[in-house]
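We number each residue from 1, following the sequence as shown.
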Amino acid sequence: MTAIPPPISMLAELTHRCPLACPYCSNPLELLKSDTELPTEAWAEIFRQAAALGVLQLHLSGGEPAARRDLADLVGAARDAGLYVNLITSGIGLTEARLDALEARGLDHVQLSLQGVNAAVADRIGGYAGGFDRKMAVAHSIARRGLPLTVNAVMHRHNLDQLPQAIALAAKLGARRIEVACVQFYGWALKNRTALQPSRAQVEAAKATVEEARDSYKGRMQIDFVPPDYYADYPKACMGGWGSTGLNIAPDGTVLPCHAAQTIPGLSFPKVTDLPLADIWYRSDAFMAFRGTDYLPDICQGCARRDRDFGGCRCQAMALAGDARAADPVCRHSPHRGLVDRLLAEADDSPLETVEFAYRR
Ligand code: SF4
Ligand code: FES
């Protein structure tokens, strides 16, 4: 294997607490309680270690990071460490006073989630009455402040047909970028897979919409598209390759190569309160487990895409094929591709009004 590069980005899951109850939540089935969360100074130390390690971009996430009362102090600590700070939020809990404080402490960028283009859809998906209106108020405040904004539109069977309106809304809110992210099935989202899986026709229409919108919004708003895994012929290069570009820190300081890594049996994950972050990144068994491509099966070893997708997602290989070393079952060459095709055939056609989501409570 070649030399291990330093990480570029770090996702800090400050808390698992969240006012929304989205059925597509990718957080683990067992959420960490608030009394396990790291205190402010422990996070500040992690930010300093991360910057020393080479991390450039910090994504503050959750749950809902605004559930942390010390959010502005955490932003300040990250900026003091020299990190570019992006806040990933639903907007709920961000009052004018809190936005003032975040701005004063040097917040660089906001990524605001969008559950739907109107209150009827968004509040039904988020399981939070009044959430859409509050989110719009926060979005307007962010625009007034001139803070760079990305809208993260989470798309699935029940809102993908409204993609043109979602793109138009992001532009109206002054977003510089919209990430059209089709639901990926990890964590809690697996419980709602049949209800959320879009149809092939919806996905094809969405691709055409994105292409057209890229032309019409050129120079004004960047449009990124994360298609649904299961309809693809080849897998995504998850995390840009295991342990190669980024790392996640759970609310209690557990360091993870990706958000679903704890679903892979046999791996143990150190806490940054017990070991220096650099030791965990360069030497821990968990990060070494799937670095590079040596462990991949023969179909990947002989494939021209091996160094582009690294065999896809380890956690998806585990979840669907029961083997974290297998080629991602999304791959058309995988002996497990039939599993994915069977799941695609299991979609639930119930309309949004009657579908029974398992909400994340
Ligand atoms: Fe990727 Fe392996 Fe499939 Fe090739 S065979 S496309 S390397 S998952
Ligand atoms: Fe873990 Fe893809 S989510 S490797």
For residues [X] and [Y], report the shortest heavy-atom separation together with the two atoms involved.
| X | Y | value |
| --- | --- | --- |
| Ala321 | Pro329 | CB-CG, 4.0 Å |
| Val85 | Ala78 | CG2-CB, 3.6 Å |
| Phe225 | Cys182 | CE1-SG, 3.9 Å |
| Ile299 | Ser334 | CD1-CA, 4.0 Å |
| Trp43 | Ala12 | CZ3-CB, 3.6 Å |
| Leu38 | Ala42 | CB-CB, 4.1 Å |

Keeping [X] on the side-chain end and [Y] on the backbone end, is there a donor-acceptor pair under 3.5 Å?
| X | Y | answer |
| --- | --- | --- |
| Arg79 | Gly106 | yes |
| Arg308 | Ala237 | no |
| Thr95 | Arg98 | yes |
| Asp328 | Pro235 | no |
| Tyr230 | Val340 | no |
| Arg177 | Pro148 | no |
| Ser216 | Glu212 | yes |
| Asn159 | His156 | yes |
| Gln202 | Ser199 | yes |
| Gln165 | Val117 | no |

Can you confirm whether [X] is buried at [atom1], in the sense that more than 12 heavy atoms of other residues, nucleotides or ligands lie under 6.0 Å from that atom?
| X | atom1 | result |
| --- | --- | --- |
| Arg220 | CZ | yes |
| Asp298 | CG | no |
| Asp307 | CG | yes |

Same cluster (ILVMFWY, side-chain, under 4.5 Å), [X] and [Y]:
| X | Y | answer |
| --- | --- | --- |
| Leu275 | Met10 | yes |
| Leu11 | Tyr84 | no |
| Leu147 | Leu71 | yes |
| Ile264 | Leu256 | yes |
| Ile280 | Phe269 | no |

How long is the gap from [atom1] on [X] to [atom2] on [Y], to the nearest 0.5 Å?
| X | Y | atom1 | atom2 | result |
| --- | --- | --- | --- | --- |
| Arg105 | Asp100 | CZ | CG | 13.5 Å |
| Trp188 | Glu30 | CH2 | CD | 9.5 Å |
| Asn27 | Cys18 | CG | SG | 8.5 Å |
| Leu114 | Ile125 | CG | CD1 | 11.0 Å |

Given Arg157 and Asp349, is the side-chain contact (heavy atoms from CB on, under 4.5 Å) satisfied, shown in steps? CA-CA 9 Å; Arg157 169 173 291 267; Asp349 287 336; 3.2 Å; yes
For residues [X] and [Y], is any side-chain donor paired with an opposing acceptor at under 3.5 Å?
| X | Y | result |
| --- | --- | --- |
| Glu37 | Thr15 | yes |
| Glu64 | Ser90 | yes |
| Arg314 | Tyr295 | yes |
| Gln184 | Ser26 | no |
| Gln115 | Ser113 | yes |
| Thr150 | Glu179 | no |
| Asn86 | Gln57 | no |

Within residues 237-248 or reaching into it, pairs that qualify as side chain to side chain donor-acceptor pair (under 3.5 Å) - sequence neighbours excluded: none
Just checking, Arg291 and Trp281: is the charged tip under 6.0 Å from the six-membered ring centre and within 45° of the axis?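 Relative to the ring axis of Trp281, which defines the angle, Arg291 lies inside both limits.
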Does Phe290 have Arg325 sitting over its ring (NZ/CZ under 6.0 Å from centre, angle to axis within 45°)? no
Quick check: do [X] and [Y] have side-chain heavy atoms less than 4.5 Å from each other?
| X | Y | answer |
| --- | --- | --- |
| Lys207 | Glu211 | no |
| Arg124 | Val355 | yes |
| Pro228 | Pro198 | yes |
| Leu87 | Leu94 | yes |

Set out, in order, the CA-CA distance, both residues' side-chain angles and the distance that settles side-chain contact (heavy atoms from CB on, under 4.5 Å) for Lys236 and Val226, then state yes or no. CA-CA 9 Å; Lys236 59 184 181 288; Val226 181; 5.9 Å; no
Would Tyr24 and Phe185 count as a ring-ring contact (aromatic ring centres under 6.0 Å, His included) if you check the C-alpha gap in whole Å, the side-chain angles of each, and the deciding distance to 0.1 Å? CA-CA 8 Å; Tyr24 57 71; Phe185 294 107; 9.9 Å; no
Is any NZ, NE, NH1 or NH2 atom of the basic residue among Glu96 and Arg145 found under 4.0 Å from an Asp or Glu carboxylate oxygen of the other? yes
Charged N-O contact under 4.0 Å between Arg48 and Glu41: yes
Which is it for Gln222 and Arg176 under the side chain to side chain donor-acceptor pair (under 3.5 Å) test, yes or no, and what are the steps along the way? CA-CA 6 Å; Gln222 183 183 326; Arg176 299 183 187 182; over 6 Å; no
Pair Tyr128-Arg134, side chain to side chain donor-acceptor pair (under 3.5 Å): steps then yes or no: CA-CA 11 Å; Tyr128 186 85; Arg134 288 171 70 175; 2.8 Å; yes
Residues Phe47, Leu60; criterion side-chain contact (heavy atoms from CB on, under 4.5 Å); working and verdict: CA-CA 11 Å; Phe47 300 155; Leu60 297 178; 4.0 Å; yes
The single option from Asp252, Thr36, Leu32 passing side chain to side chain contact (heavy atoms under 4.5 Å, CB included) against His16: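 That would be Leu32; it is the only one of Asp252, Thr36, Leu32 passing the side chain to side chain contact (heavy atoms under 4.5 Å, CB included) with His16.
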Verdict with supporting geometry, Phe357 and His158, ring-ring contact (aromatic ring centres under 6.0 Å, His included): CA-CA 12 Å; Phe357 291 123; His158 299 286; 5.6 Å; yes
Take Ile178 and Met221, measure what side-chain contact (heavy atoms from CB on, under 4.5 Å) needs, and give me the verdict at the end. CA-CA 7 Å; Ile178 178 171; Met221 184 172 72; 3.9 Å; yes
Quick one, Thr40 with Asp70, criterion side chain to side chain donor-acceptor pair (under 3.5 Å). Give me CA distance, side-chain angles, the key distance, then yes/no. CA-CA 7 Å; Thr40 318; Asp70 57 353; 2.6 Å; yes
